[in-house]
Amino acid sequence: MAGATPSKRAAPDSNTLQPAKKTHWSQGLLASMNDPNLVVESDDRIVIIKDKYPKARYHFLVIPKLNFPNLKSLKREQSELLHYMEDQSRLLATKYPQVEFRYGYHAIPSMSQLHLHMISQDFDSPCLKTKRHWNSFNTRYFLDSADVIRCLEERGMVVTMTPIAGEKLLDQPLKCHKCVYSPQNMPKLKQHLYKHINN
DNA sequence: GTTCTAGAAC
DNA sequence: GTTCTAGAAC
């Protein structure tokens, strides 16, 4: 057959560029780590970024450059890294001398990549909307950095909780982190929180 | 993790 | 009738 060459076979249309493969939302921190609009500090070991949806006036994430998916992937040898992450976030906090921060990890994080939350205790933010948001920072679901490090050093691994136990904490009734007030819903809590803020 | 929105709660 | 929460998202 004249002209019938094997190479003539159904080539993909080279004018139709395939859209870049979508990454799952849970991998979003990988993109954020390289977003100049979010990165506030960076060295050879860690990146500190602004949380894309801050749940308080100041809300940063400290992420190691080496890939650790979560707390479970840590061994005793990583305790030094966790110390470093907390130290660097406390150093950043000195830029905000009037601001109270907490430093810690979500027990069952939604996003991959180990990340330390550094969050101001005003919880004044339009992105703070749901009971889950609140409880993730204001129940035992929020693991203080110091406790995580201690566990890693003493037991050689970070012991958190089961997903079921985590869900139970996130579903707890709302309770103010500064007083006994237990609001009926999120709008009432957000209104109440202003009483504890000294501008 | 967020967005969207149905229907529960008020 | 409006406010608010909670579950689906191919």
Side-chain angles (χ1 to χ4, degrees), chain A residues 16-42 46-74 82 85 89 92 101-145 148 158 160-177 181-195:
Chain A
T16 308
L17 290 170
Q18 292 298 107
K21 190 180 179 183
K22 280 181 193 167
T23 60
H24 192 257
W25 57 261
S26 65
Q27 300 300 321
L29 290 182
L30 287 173
S32 297
M33 287 171 74
N34 296 305
D35 184 342
N37 293 321
L38 296 178
V39 174
V40 297
E41 301 283 350
S42 180
I46 59 160
V47 177
I48 305 183
I49 64 172
K50 290 186 279 189
D51 192 294
K52 204 170 174 179
Y53 299 91
K55 305 303 186 295
R57 289 178 183 176
Y58 303 94
H59 186 184
F60 301 99
L61 306 179
V62 186
I63 309 173
K65 284 190 172 174
L66 287 179
N67 188 316
F68 297 102
N70 51 50
L71 292 169
K72 281 204 273 286
S73 64
L74 300 177
L82 296 199
M85 291 165 66
S89 60
L92 176 61
F101 286 99
R102 280 189 73 193
Y103 309 86
Y105 299 86
H106 281 158
I108 314 288
S110 301
M111 308 288 276
S112 188
Q113 304 303 319
L114 182 69
H115 53 284
L116 169 69
H117 289 270
M118 163 184 173
I119 185 165
S120 63
Q121 294 300 294
D122 50 83
F123 294 102
D124 175 21
S125 167
C127 298
L128 181 77
K129 296 175 178 175
T130 69
K131 176 152 78 171
R132 293 177 71 90
H133 289 158
W134 180 257
N135 284 338
S136 73
F137 291 103
N138 293 288
T139 65
R140 287 184 298 105
Y141 193 91
F142 189 79
L143 309 172
D144 273 305
S145 173
V148 168
V158 181
T160 58
M161 62 185 68
T162 65
I164 299 287
E167 285 303 310
K168 204 169 170 180
L169 288 170
L170 295 178
D171 201 37
Q172 220 92 290
L174 294 171
K175 159 79 173 66
C176 177
H177 65 324
Y181 180 55
S182 290
Q184 201 59 48
N185 55 42
M186 281 302 290
K188 284 174 182 166
L189 172 60
K190 288 170 72 75
Q191 170 90 19
H192 168 84
L193 289 175
Y194 288 111
K195 295 180 175 132

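Below, chain A is the first sequence line, B the second, and so on; all start at residue 1.
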(message) For residues 161-177 of chain A, which residue pairs pass the side-chain hydrogen bond (donor to acceptor under 3.5 Å, both in side chains) check, not counting sequence neighbours?
(response) Arg132(A)-Glu167(A)
(request) Only stems of 3 or more consecutive Watson-Crick or G-U pairs count here, both distances under 3.5 Å; name the ones for DNA chain C, or none. (result) B:2-10 with C:1-9
(message) Under 4.0 Å, heavy atoms only, any strand: does His24(A) hit a base, just the sugar-phosphate, or nothing?
(response) nothing
(request) Please list, by residue number, the residues of residues 58-71 of chain A whose heavy atoms come closer than 4.0 Å to an atom of DNA chain B; answer none if no residue qualifies. (result) none
(message) Could you work out, with side-chain contact (heavy atoms from CB on, under 4.5 Å) as the rule, every residue matching Asn34(A), not counting sequence neighbours?
(response) none
List, one per line, each side-chain donor-acceptor pair under 3.5 Å for residues 105-113 of chain A, sequence neighbours excluded.
unit_1: His106(A); atom_1: ND1; unit_2: His117(A); atom_2: NE2; d: 3.4
unit_1: His106(A); atom_1: NE2; unit_2: Ser136(A); atom_2: O; d: 3.1
unit_1: His106(A); atom_1: NE2; unit_2: Ser136(A); atom_2: OG; d: 3.2

(message) Which residue in the set Tyr53(A), Tyr103(A), Phe101(A), Phe137(A) passes ring pair (Phe, Tyr, Trp, His ring centres under 6.0 Å) when paired with His59(A)?
(response) Phe137(A)
(request) Can you sort out the partners of Asp144(A) under salt bridge (Lys or Arg N to Asp or Glu O under 4.0 Å), two or more places apart, ordered by chain and number? (result) Arg102(A)
(request) Identify, with sequence neighbours excluded, every residue that meets side-chain contact (heavy atoms from CB on, under 4.5 Å) alongside Tyr181(A). (result) Cys176(A), Cys179(A), Pro183(A), Lys188(A), His192(A)
(request) Sort and list the pairs that fulfil side-chain hydrogen bond (donor to acceptor under 3.5 Å, both in side chains) and have at least one residue in residues 24-33 of chain A, not counting sequence neighbours. (result) His24(A)-Ser26(A)
(request) List for me each residue that meets side-chain contact (heavy atoms from CB on, under 4.5 Å) alongside Val40(A), sequence neighbours excluded, and say none if there are none. (result) Ile48(A), Lys50(A), Phe60(A), Leu92(A)
(message) Show me the pairs that pass salt bridge (Lys or Arg N to Asp or Glu O under 4.0 Å) and involve residues 107-127 of chain A, at least two apart or across chains.
(response) Arg57(A)-Asp124(A)
(message) Base contacts versus sugar-phosphate-only contacts with protein, heavy atoms under 4.0 Å: please encode nucleotides 1-10 of chain C as B, S and - from 5' to 3'.
(response) ---SS-----
Distance-only donor-acceptor hits, side chain of residues 61-71 of chain A, under 3.5 Å, sequence neighbours excluded:
unit_1: Lys65(A); atom_1: NZ; unit_2: Ser42(A); atom_2: OG; d: 3.4
unit_1: Lys65(A); atom_1: NZ; unit_2: Asp43(A); atom_2: O; d: 2.7
unit_1: Asn70(A); atom_1: OD1; unit_2: Lys72(A); atom_2: N; d: 2.9
unit_1: Asn70(A); atom_1: OD1; unit_2: Ser73(A); atom_2: N; d: 3.1

